**Student:** 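This is the structure, below, for whatever I ask next.
Indexing begins at 1, ligand by ligand and atom by atom, following the structure's order. The model shown is predicted, which means the values in this text are computed figures rather than measured ones.
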Amino acid sequence: MNATTDFLPATGLLAELELLRIEHAAAVTHLRLNRPAKRNAINEDLMRQLHTAVLNLPASTTALVISGEGDHFCSGLDLSDLCERSVAEGVLHSRGWHVVMDAIQFCRAPVVVALHGAVVGGGLELAAAAHIRVADETAYFGLPEGQRGIFVGGGGSVRIARLIGPDRLTEMMLTGRVYSGTEGERLGLVHYAVPQGQAVAKAFELAERIAKNSRTINTMVMQAIANIGTMPPEAGLYAESLAAALSQTGPDAAEGLSAFLEKRSPEFK
Ligand code: 1HE
């Protein structure tokens, strides 16, 4: 986020989501969780609003930055919502989170999260659904579920396990271990650790760089890599060959290659 960036408040449906604060800065949309008095704990309303927001990003959005208002990114599931549920209701609740986390992971543009303060429980699961994670030095990561008598339900056993391995995830959940922002970078929980207060600026720098890529390539990176990762290697290699072949046809590849040969920056339409 540089000093010259002009932010325009979201309009229409996105402006009505009072638990989020959404602004557009050219091609980058900035979505802030906006429930600071409750440490951005995710209740049913916030979950629904997140879903609505990522499904209704304007066509002009080519990268999305998510951050949290107040002193913390997100304190996870709103524990006051956690009433006694039947097993069936519990499964449906968790599957509802999965739908929203999937909608974030596969929304219309790459997602960069800017993390500070508590990034715990469902907050860490939300961060894990993004494509790039930037943490400032106040950030800390934990999965207090184990200590609250509940299992992760927002995709953590898949996505967080992919980041740090099932072994470290097991240890975090069993012992309630908390990692700092810099430890998170060392372990692969986040891609960047930055000084206090600089996570949003760094996230914007990355988002603006991403927004200059070919939209086709960004979409393929988001869709193909995640899906190839779930395939047996021989199917993955075949899927990769299709993605490679598709990417080589069409105007973006032509522009990217000519720009290189003409020693200029590419301009993708
Ligand atoms: C909340 C929540 C919440 C804060 N649900 N209300 N998540 C957790 O187990 C983390 C619970 N929260 C905390 O440990 C702390 O709040 C923090 C370390 C994040 C921040 O501490 P602090 O001192 O800045 O704030 P606070 O005084 O603890 O909280 C301020 C208010 O926010 C207070 O409400 P108030 O009405 O008394 O002012 C808190 O009750 C409220 N608050 N966090 C509800 N999480 C799909 S499965 C996912 C499963 C999970 O995510 S489990 C992990 C849940």
**Student:** Starting from the N and O atoms of ligand 1, collect every protein N/O partner closer than 3.5 Å and put each pair on its own line with the distance to 0.1 Å.
**Tutor:**
| from | atom 1 | to | atom 2 | distance (Å) |
| --- | --- | --- | --- | --- |
| ligand 1 | 5 (N) | L79 | N | 2.8 |
| ligand 1 | 7 (N) | S75 | O | 2.7 |
| ligand 1 | 9 (O) | R148 | NE | 2.5 |
| ligand 1 | 9 (O) | R148 | NH2 | 2.8 |
| ligand 1 | 24 (O) | R39 | NE | 2.9 |
| ligand 1 | 24 (O) | R39 | NH2 | 3.4 |
| ligand 1 | 24 (O) | H72 | NE2 | 3.1 |
| ligand 1 | 25 (O) | R39 | NE | 2.9 |
| ligand 1 | 25 (O) | R39 | NH2 | 3.3 |
| ligand 1 | 32 (O) | A37 | O | 3.3 |
| ligand 1 | 34 (O) | K38 | NZ | 3.3 |
| ligand 1 | 36 (O) | K38 | NZ | 2.6 |
| ligand 1 | 43 (N) | S75 | OG | 3.0 |
| ligand 1 | 45 (N) | S75 | O | 3.2 |
| ligand 1 | 45 (N) | S75 | OG | 3.3 |
| ligand 1 | 45 (N) | L77 | O | 2.9 |
| ligand 1 | 51 (O) | L77 | N | 2.8 |
| ligand 1 | 51 (O) | G122 | N | 2.7 |

**Student:** Any idea how H30 and F7 line up, ring-wise: parallel (<30°), tilted (30 to 60°), or perpendicular (>60°)?
**Tutor:** tilted
**Student:** Any luck finding a side-chain donor-acceptor pair between R48 and H51 under 3.5 Å?
**Tutor:** no
**Student:** Could you pull out all donor-acceptor pairs under 3.5 Å where a side-chain atom in residues 227-245 meets a protein atom, sequence neighbours excluded?
**Tutor:**
| from | atom 1 | to | atom 2 | distance (Å) |
| --- | --- | --- | --- | --- |
| N227 | ND2 | Q223 | O | 2.8 |
| T230 | OG1 | N227 | O | 2.8 |
| S241 | OG | Y238 | O | 2.6 |

**Student:** Are the side chains of L64 and V28 in touch, meaning some heavy atoms are under 4.5 Å apart?
**Tutor:** no
**Student:** I want to check something: taking the side chain as every heavy atom from C-beta on, are L124 and V152 in contact at a cut-off of under 4.5 Å?
**Tutor:** no
**Student:** Does any N or O in the side chain of N43 come within less than 3.5 Å of the main-chain N or O of D81, such that one atom is a donor and the other an acceptor?
**Tutor:** no
